[in-house]
Amino acid sequence: MLRLVTRCYGKIRKAGMNKDLHSQHHRFHSHPTRRDFFVQSLGGALASVSVLELAFNRAAWARALAPTVGGTPLFDIKKVADDVYFAIARVQALINSNSVIFVNSRDVLIVDSQSKPSATAALITQIKKEVTPKPVRFVVNTHFHDDHVQGNSAYTKGGAKVDFIASVSAGELMAKEIPIRLKETLDISVPAQIETVHKFYGKATSADEREFWKEQLRQLEAFQAEMKTFSLELPTITFAKSHVIRDRAHDIHIEFHGRAHTSGDVVVFCPQKRVVATGDMINGSLPYMPDAYPTAWPKTIDSVADLRFDQILSGHGPIMNRDRMVNFRNYIEETNTRVEEGKKAGKSLTELQKSITLASLKSLQDNGYGRYVAEIRDGLFPHWGRTFVEIKEDFQDAVNGVTAQVYRNLDRV
Ligand SMILES: [Zn+2]
Ligand SMILES: [Zn+2]
């Protein structure tokens, strides 16, 4: 079975190429419902999930998950405070980061760009239409990953004066890693995905399915074509600890609190509006750890938690509250502890992955966190013809992926 890896989340998808869609549909209908899945796999966590929280996020998240075909906007833009907006990225074949929009008195500051300039250009058009005609003057890249930086050049197209702001470390990693990783994406992972899509298209049994696979193919080929002539816009302002932009509308504090998802993650904090943009350091999915510092990460979140904010605008997924930040932090810490103990007891990675199950992780049971994150993850990526059985396996696979990454990186300092 071919395994596909989507970048940033490193999510391993089971493409299920050797099963025909007819048998998948049969299993689809005969398998217990989603609700059953979450109750069974997460030990009844459903009962304790916050109904209010779900209601708060549901409308925006549901819109964000609507299929993006033809002229549908790539983002769902939501006002979160006066002069602060959250652009939630809709599902695409290649994942895009969310962006946060701070409307200053004369200009605009944006947090993070997307995986390709055309996606960011689409966001710029949407901002002009839905938010403000003021020019974008600053772009903060929360960290060096492709889905947060490769859209930068859309902001300087036409010669606009824009400063790109990042930590020193993120700036260095962008310059070093993006060309290497983009080449791998274009040479290996996108062609593999295209091959898989062709196979699914050939087996599709309805017009809807064919339309879905055609759209995936269109997005993948458009990415290939666009990125052949890509040039990266690097940071123009880098800093070690903190960079503050003061404006009549509000102050914007761009801060490095320590290593976490990468060596150079920053948060963008607005004290007057009590919001913080966190990139992938605190987000609605599972922590992505190939470039991470697992033991430092929870401490870095603790430091960010000292800031006075109510809403967390993360790189992926809907708006988060402080409780979800604590859940996310605790999941990392619990995985660290269990991997560390396992290593001391001489356990292999495979043995550890067998014991670190969804049901055994206390942090996933707390306040329905496992269900919350599984639902968000399920909405972040296109469904590559999976059945519900595969979705459940997929979440355990994702947890196994985190366990493996912690196993490898636990001693990184
Ligand atoms: Zn990301
Ligand atoms: Zn990232």
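As the structure is a prediction and not an experimental result, all values here were calculated from the model. Counting starts at 1 for both ligands and their atoms, following the listed order.
The Zn ion (ligand 1) forms the vertex of an angle spanning OD2 of D147 and NE2 of H316; to the nearest 10 degrees it equals 80°.
At a cut-off of 2.8 Å, H148 does not coordinate the Zn ion (ligand 2) through any N, O or S atom. Residue D280: an N/O/S atom is found under 2.8 Å from the Zn ion (ligand 2).
Of the options L352, L361, T403, a side-chain contact (heavy atoms from CB on, under 4.5 Å) to R338 is made by L361 and by none of the others.
The minimum distance between the Zn ion (ligand 2) and any N, O or S atom of H145 involves atom ND1.
With hydrogens and angles left out, the side-chain atoms of D366 and N327 include a donor and acceptor closer than 3.5 Å. Side chain to side chain, H316 and D280 meet the donor-acceptor criterion of an N or O pair below 3.5 Å. Defined by atom type and a distance below 3.5 Å, a donor-acceptor pair is missing between the side-chain atoms of H243 and H253.
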